[in-house]
There are 2 protein chains.
Amino acid sequence: MASGTQKESDERYRVQSVERALHLVEAIAECSPDGLTVTELSRNLKVSKSTAYALAQTLVSNGFLRELYPGPRYQLGLSLLRLGDLVARQIPLGDTYRPILLKLTERTGLTSRAAISEGGYPIFVERVDGPGTVRFHTLLGHREEPHASAAGKAILSTLPTEEVMQICKDQGMPRRTRNTITEISVFLDDLERTRRRGFSIDDEEDADGVFCIGAPFFDHSGRCLGAISVTGIKVDAPSWKMQELGHVVAEHAAQLTARFNGTQPPWTGSSPLREDGHSEVEEM
Amino acid sequence: MASGTQKESDERYRVQSVERALHLVEAIAECSPDGLTVTELSRNLKVSKSTAYALAQTLVSNGFLRELYPGPRYQLGLSLLRLGDLVARQIPLGDTYRPILLKLTERTGLTSRAAISEGGYPIFVERVDGPGTVRFHTLLGHREEPHASAAGKAILSTLPTEEVMQICKDQGMPRRTRNTITEISVFLDDLERTRRRGFSIDDEEDADGVFCIGAPFFDHSGRCLGAISVTGIKVDAPSWKMQELGHVVAEHAAQLTARFNGTQPPWTGSSPLREDGHSEVEEM
DNA sequence: TTAGGGTGTTTGTTATTACCGAACATGGTA
DNA sequence: TACCATGTTCGGTAATAACAAACACCCTAA
């Protein structure tokens with residue numbers, strides 16, 4: 001549903017006009033950077049023009065939106081830049097990620113990202129774009145599908161089975177591509193493979209032609225803090241190369257763990273190569 | 001007043017509950033990263049506990065705030081990170097600033113920032129922290145005082161006198177430190193010196209012990225797009241060193257202008273050194 | 001030029017709904 | 001245990017958010 005996946009704070013205690021105002025901001029965010037006019041907003045939110053107008057004016061006067069002339073189009077305002085920067089700065093040890101991602105991108109030539117775990121869901125908090133011409137539309141603060149992203153699978157691979165099943169039930173396992181895993185039993189098998197090899201693979205499971213490889217990092221008690229991942233287009237890395245990339249990613253994740261004075265749980269990295277060779281890559 | 005400096009879109013057309021919700025976000029931003037409780041929020045906004053509760057719940061359910069236990073404290077939410085990142089990405093030619101700021105910081109050892117001009121006011125859109133242990137609390141999206149910041153003075157130095165006086169009248173020239181320029185005539189003199197030497201100096205005018213040096217950059221028509229500046233603590237750069245720093249900053253600003261295929265207006269940099277030597281630095 | 005359809009803005013009016021105060025639940029402390 | 005501080009829930013009431021309709025202002029086409 002609309003915004004339902006978070007903890008469902010009772011709907012009775014929500015303020016309609018505020019809810020509408022926030023949806024208005026989101027609507028503009030989706031149409032960025034072009035922005036929307038009052039009429040478009042009113043249609044989008046299914047409210048009267050005058051209501052949309054009043055909401056937009058309120059947001060503008062507080063810097064959450066800005067009016068672009070002519071024909072006033074509303075764009076995201078600079079308060080959001082300031083508040084977003086503030087959030088970025090208060091991410092625990094936020095400065096730590098960038099240097100390691102830079103190294104990872106330099107080594108692999110791929111876009112790399114760091115996500116922290118929010119109740120098992122990956123939230124991306126840092127990004128280093130690769131040198132290639134391909135740019136991925138990845139936003140900080142974005143929450144990816146836990147079952148169809150490398151970061152999500154890396155994080156889930158560290159959690160007990162019951163928690164994984166709970167998250168999958170809450171979130172559902174919607175199909176994103178032909179390769180998306182939508183069966184819980186298949187997914188649990190995949191997490192088991194992830195644990196054994198020490199890194200996760202999203203092989204065109206979230207978007208066609210795009211792969212990701214991720215690995216988790218840990219705090220001092222061995223709890224998973226989040227995951228890092230690299231993203232590329234499939235032609236850049238055929239399946240036989242993923243094994244190699246996986247070890248590089250896992251190695252950098254281990255460096256992050258070390259920076260946090262963390263400890264790898266005993267079962268990770270214990271068998272970087274499976275008994276039966278590299279079949280786990282090809283069988284997906 | 002509260003948020004008065006922006007264009008005063010008629011107060012009749014604002015919705016109260018949304019206004020309160022946004023102020024609530026700002027209140028939390030000011031107390032970040034600790035966050036605030038419902039009771040603190042209600043006191044801060046001068047509304048009843050139940051109202052603050054409803055507003056906060058609405059913001060939480062949309063990801064603008066997050067609830068931290070115990071004793072639910074409300075913090076800024078990850079939607080703000082995502083929206084802020086989106087704004088950052090749609091800044092015109094946003095990728096251009098960082099490499100030049102990196103060079104500037106490497107060369108000077110100081111924190112450097114880029115601001116774009118929003119109707120003559122400087123809005124910071126990029127930042128590269130210096131290697132020192134001193135960190136300045138500078139936020140992207142923040143609007144600094146035009147009359148008491150190096151970036152502001154650099155931008156204003158490119159505008160006609162009437163516009164400068166209008167902005168000073170709108171904004172006022174509040175005193176921030178002992179050194180703040182609060183007299184319009186003195187300020188206009190300072191802008192004239194800035195034009196002649198090609199860079200602006202904020203010598204403890206915004207914060208005690210902190211100096212900034214800025215220089216404007218231009219588009220193809222010679223209009224000022226914004227300014228870059230470096231920031232440091234006074235002990236790192238006594239007055240005699242500012243002249244030298246100024247030329248480095250101005251040089252990097254010129255590189256930015258070149259990147260934008262811009263043109264320096266004829267009167268800039270025409271006399272990088274004043275007739276009477278370096279006295280302008282000491283007389284402040 | 002004029003008519004038309006599209007804006008954004010302004011205006012009352014109505015009933016929705018946001019707000020408050022008070023009651024309830026909870027947790028820590030003396 | 002009683003107390004005082006929270007956070008949460010409830011119902012009544014009046015403020016106010018939302019709407020429709022009118023207005024002003026472009027454009028474009030006839």
Side-chain angles (χ1 to χ4, degrees), chain A residues 2-3 6-28 31 33-77, chain B residues 2-3 6-28 31 34-62 64-77:
Chain A
S3 62
Q6 310 272 43
K7 129 179 20 116
E8 296 278 350
S9 45
D10 221 325
E11 233 186 89
R12 261 175 307 181
Y13 302 111
R14 299 206 200 149
V15 181
Q16 185 193 55
S17 51
V18 173
E19 192 110 333
R20 284 176 168 176
L22 301 183
H23 287 165
L24 196 151
V25 172
E26 293 289 354
I28 289 174
C31 297
D34 304 321
L36 293 172
T37 65
V38 169
T39 310
E40 290 165 337
L41 284 171
S42 75
R43 275 200 276 267
N44 209 313
L45 298 190
K46 299 183 185 28
V47 299
S48 68
K49 258 196 310 179
S50 25
T51 301
Y53 182 69
L55 292 173
Q57 287 299 319
T58 309
L59 288 161
V60 166
S61 77
N62 287 83
F64 281 68
L65 295 182
R66 47 198 300 222
E67 253 171 322
L68 263 221
Y69 292 93
R73 302 187 80 78
Y74 293 95
Q75 284 193 335
L76 298 182
Chain B
S3 62
Q6 309 272 44
K7 126 176 25 113
E8 297 278 352
S9 44
D10 219 325
E11 230 185 273
R12 260 176 308 182
Y13 302 111
R14 299 204 201 152
V15 349
Q16 184 192 57
S17 50
V18 173
E19 192 108 333
R20 285 176 169 175
L22 301 183
H23 286 165
L24 195 153
V25 172
E26 293 290 355
I28 288 173
C31 296
D34 303 319
L36 293 172
T37 65
V38 169
T39 309
E40 290 164 338
L41 284 172
S42 76
R43 276 200 275 267
N44 210 312
L45 297 189
K46 300 184 185 26
V47 298
S48 69
K49 258 197 307 180
S50 28
T51 300
Y53 182 69
L55 293 172
Q57 288 299 319
T58 308
L59 288 161
V60 166
S61 78
N62 287 82
F64 281 67
L65 295 182
R66 46 196 304 221
E67 253 171 322
L68 262 221
Y69 292 93
R73 301 188 81 78
Y74 293 95
Q75 283 194 336
L76 298 181

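Proteins get letters first, then strands, A, B, ... in listed order; numbering begins at 1 in each.
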Discussion item. Whole angstroms only, please: what is the CZ-P distance between B/R14 and D/dA18?
Written reply: 16 Å
Item to complete: Report the nucleotide, chosen from C/dT11, C/dC20, D/dT6, that has the shortest atom-to-atom distance to any side-chain atom of B/R43.
Response: D/dT6
Worksheet, complete the sentence: Side-chain atoms of A/P72 come closest, of C/dC19, D/dC19, C/dG8, to C/dG8
Worksheet entry | Selection from D/dG7, C/dC19, D/dA17 that lies nearest to any side-chain heavy atom of B/T37 | D/dG7
Discussion item. Closest-nucleotide mapping onto DNA chain D: is A/Q16 or A/K49 further toward the 5' terminus? I mean the 5' end.
Written reply: A/Q16
Discussion item. Under 3.5 Å, is there any donor-acceptor pair linking the side chain of A/S17 to the base of C/dA18?
Written reply: no
Worksheet item: Rounded to whole angstrom units, what separation is found between the CG atom of B/L68 and the C1' atom of D/dT6?
Response: 17 Å
Worksheet entry | Over all atoms of both residues, closest heavy-atom pair of B/L41 and B/A52 | CB-CB, 4.3 Å
Worksheet, complete the sentence: Scanning both residues in full, the closest heavy-atom pair of B/L65 with B/V25 reads CD2-CG2, 4.5 Å
Practice prompt. Figure out the CD/P separation between A/Q57 and D/dT16, and round it to whole Å.
Written response: 19 Å
Discussion item. Is there a side-chain contact between A/T51 and the phosphate of D/dC19, meaning an N or O under 4.0 Å from OP1 or OP2?
Written reply: yes
Worksheet entry | Quiz item: A/T39 side-chain donor-acceptor pair to C/dG8 base, under 3.5 Å | no
Item to complete: Using heavy atoms to find the nearest nucleotide of DNA chain C for A/V38 and A/V15 separately, return the residue whose nucleotide is more 5′.
Response: A/V38
Worksheet, complete the sentence: The nucleotide from D/dT9, C/dT9, D/dA18 with an atom nearest the side chain of A/L55 is D/dA18
Worksheet item: Checking B/R20 side chain against B/L45 main chain: does a donor-acceptor pair fall under 3.5 Å?
Response: no
Worksheet item: Looking only at heavy atoms, which two atoms of B/R73 and B/D34 are closest? And how far apart?
Response: NE-O, 3.3 Å
Worksheet item: Taking OH from A/Y53 and P from C/dT7, how many angstroms apart are they, rounded to a whole number?
Response: 16 Å
Fill in: Over all atoms of both residues, closest heavy-atom pair of B/L59 and B/A21
CD1-O, 3.7 Å
Item to complete: Return the value, rounded to whole Å, for the distance between atom CZ of B/R20 and atom P of C/dA18.
Response: 12 Å
Worksheet item: How many Å lie between CD on A/E40 and C1' on C/dG8, as a whole number?
Response: 13 Å
Worksheet item: Expressed in angstrom and rounded to an integer, what is the separation of A/L45 atom CG from D/dC19 atom P?
Response: 10 Å
Worksheet entry | Given D/dA17, C/dC19, D/dT9, the nucleotide with the shortest approach to the side chain of A/Y13 | D/dT9
Worksheet item: Between B/R73 (CZ) and D/dT8 (P), how many Å, whole number?
Response: 13 Å
